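Step one of this worksheet: look at the structure below.
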Amino acid sequence: MDWNVDSGDSKRKGVPASEILRNATKVPAGTSSVIVLMHDGGAHAETVKALPEIIRYYKEQNYQFDTIKASDEPVQFRVKSDGAYASRKAPGKAWIAEHVESNSELWLAGMELKVEIGMAAATLRSGEFRVEEQQIMVPLRIFMKKFGSNARWDAETRTASVVWKDRTIYANSISGELTSGRLGQAGDNVKGKVRSQGGTTWVPLRDLLEEMGLSVQSMKSNKVEWTVKANIPVAAVGRGNLTIYV
């Protein structure tokens with residue numbers, strides 16, 4: 001999806017709000033549906049200043065604001081005639097399954113995943129996790145970083161590793177195995193479905209918790225979040241239990 005009105009807020013550094021407003025309200029004749037190009041980021045404070053007046057202008061012109069839907073006719077630039085694309089093949093089912101369907105959860109505004117480990121707490125927002133085949137998948141580096149552990153990547157073996165307390169957890173993107181072991185030792189507990197996509201290593205949440213030495217007790221959900229409860233086995237802590245809410 002491209003645009004048919006350019007606010008010009010990135011033409012140069014420091015474009016003033018007045019100029020952004022002027023450009024953003026130049027609607028081509030005969031245009032019934034308007035998509036205005038604007039940018040975010042620290043260098044676009046003037047865009048934020050111009051936005052209320054831009055909104056006011058379009059409301060006064062009886063435009064209605066809405067989100068873009070898959071059924072909408074796309075606005076797309078063509079550098080060549082449509083005939084130049086006649087021989088281009090549509091993506092096949094295998095490509096769609098690998099590149100679109102596997103990432104569909106990332107584009108849906110929805111539920112959060114709440115995690116509490118002892119006194120520590122973290123939240124994975126929509127887009128920071130996904131659901132595949134009734135499994136919650138989390139990005140290893142992001143998930144572990146929220147609890148103070150940094151992941152390392154071995155490009156030769158294509159394996160991500162992270163230290164958690166007295167364990168080292170390994171996620172091999174080639175074999176799909178998730179293993180763990182005591183520090184300095186290779187793991188012997190093998191799990192599956194490790195995936196590497198776009199430079200991110202994704203692992204099943206339940207399997208990751210188990211490799212961290214935790215036992216999953218229950219998982220609950222409501223309209224806004226998932227909550228997974230896990231415990232450290234009594235034998236592992238010596239006294240009492242540590243409760244985790246994910």
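The model shown is predicted, which means the values in this text are computed figures rather than measured ones.
Every salt bridge (Lys or Arg N to Asp or Glu O under 4.0 Å) that Lys69 has, sequence neighbours left out, goes to Asp66. Scored by the salt bridge (Lys or Arg N to Asp or Glu O under 4.0 Å) test, Arg152 finds no partners at all (sequence neighbours excluded). Considering only residues two or more places apart in sequence or on other chains, Arg56 meets the side-chain hydrogen bond (donor to acceptor under 3.5 Å, both in side chains) condition with Glu53. Remark: Ser10 engages His39, His44 in a side-chain hydrogen bond (donor to acceptor under 3.5 Å, both in side chains) (not counting sequence neighbours). Under the side-chain hydrogen bond (donor to acceptor under 3.5 Å, both in side chains) criterion, Lys59 pairs with no residue at all, not counting sequence neighbours. Thr31 is linked by a side chain to side chain contact (heavy atoms under 4.5 Å, CB included) to Asn4, Val27, Pro28, Val34, counting only residues two or more places apart in sequence or in another chain. Here Asp2 pairs with nothing under the salt bridge (Lys or Arg N to Asp or Glu O under 4.0 Å) rule; sequence neighbours left out. Residues passing the side chain to side chain contact (heavy atoms under 4.5 Å, CB included) test with Asp6, sequence neighbours excluded: Trp3, Leu37. Qualifying side chain to side chain contact (heavy atoms under 4.5 Å, CB included) partners for Ile54, counting only residues two or more places apart in sequence or in other chains: Ile20, Leu21, Ala24, Met38, Ala50, Tyr58. In this structure Gln61 satisfies the side chain to side chain contact (heavy atoms under 4.5 Å, CB included) test together with Tyr57, Tyr63, sequence neighbours excluded. Contacts of Ser196 classified as side-chain hydrogen bond (donor to acceptor under 3.5 Å, both in side chains), with partners at least two apart in sequence or in another chain: none.
Side-chain contact check for Trp226 versus Val131: some heavy-atom pair is nearer than 4.5 Å. Put simply, the side chain of Asn172 does not reach to within 4.5 Å of the side chain of Val194, judged on heavy atoms. Under the 4.5 Å side-chain criterion, counting only non-hydrogen atoms from C-beta, Val75 is in contact with Met1.
Note that OG1 of Thr179 and CG of Asp207 are 11.5 Å apart. Values are rounded to the nearest 0.5 Å. The distance from atom OG1 of Thr227 to atom CE of Met111, rounded to the nearest 0.5 Å, is 8.0 Å. Taking CD1 of Ile35 as the reference point, atom CG of Asp72 lies at 7.5 Å (rounded to 0.5 Å). Taking CH2 from Trp164 and CG from Leu208, the interatomic distance works out to 9.5 Å, rounded to the nearest 0.5 Å. To the nearest 0.5 angstrom, Arg130 atom CZ is 7.0 Å from Arg195 atom CZ. How far CD of Gln135 is from CZ of Arg206: 8.5 Å, rounded to the nearest 0.5 Å.
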(message) Is there a side-chain contact (heavy atoms from CB on, under 4.5 Å) between Thr200 and Arg141? Walk through the geometry before answering.
(response) CA-CA 8 Å; Thr200 300; Arg141 182 184 64 82; over 6 Å; no

(request) Please test Leu113 against Glu225 for side-chain contact (heavy atoms from CB on, under 4.5 Å), starting from the C-alpha separation and ending with a verdict. (result) CA-CA 6 Å; Leu113 182 63; Glu225 67 185 24; over 6 Å; no

(request) Evaluate the criterion side-chain contact (heavy atoms from CB on, under 4.5 Å) for residue pair Ile169 and Ser180; output intermediate values, then yes/no. (result) CA-CA 4 Å; Ile169 301 168; Ser180 70; 4.1 Å; yes

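Under a hydrophobic-cluster definition in which Ile, Leu, Val, Met, Phe, Trp and Tyr are linked whenever side-chain heavy atoms come within less than 4.5 Å, directly or via other members, Phe147 and Leu140 are assigned to the same cluster. Under a hydrophobic-cluster definition in which Ile, Leu, Val, Met, Phe, Trp and Tyr are linked whenever side-chain heavy atoms come within less than 4.5 Å, directly or via other members, Leu51 and Val36 are assigned to the same cluster. The hydrophobic cluster containing Val15 does not contain Val48, counting ILVMFWY residues as joined when their side-chain heavy atoms lie under 4.5 angstrom apart, directly or transitively.
The heavy-atom pair separating Met212 from Phe143 by the smallest distance is SD-CE2, 4.2 Å. The shortest non-hydrogen separation linking Tyr170 to Ser161 is CD2-CB, 3.9 Å. Heavy-atom minimum distance, Ala171 versus Thr201: CB-CG2, 3.9 Å.
Listed for the Ser149 side chain is a donor-acceptor partner under 3.5 Å among the backbone atoms of Val163.
Among residue pairs with one or both ends in residues 13-26, those qualifying as side chain to side chain donor-acceptor pair (under 3.5 Å) are Arg12-Glu19; sequence neighbours excluded.
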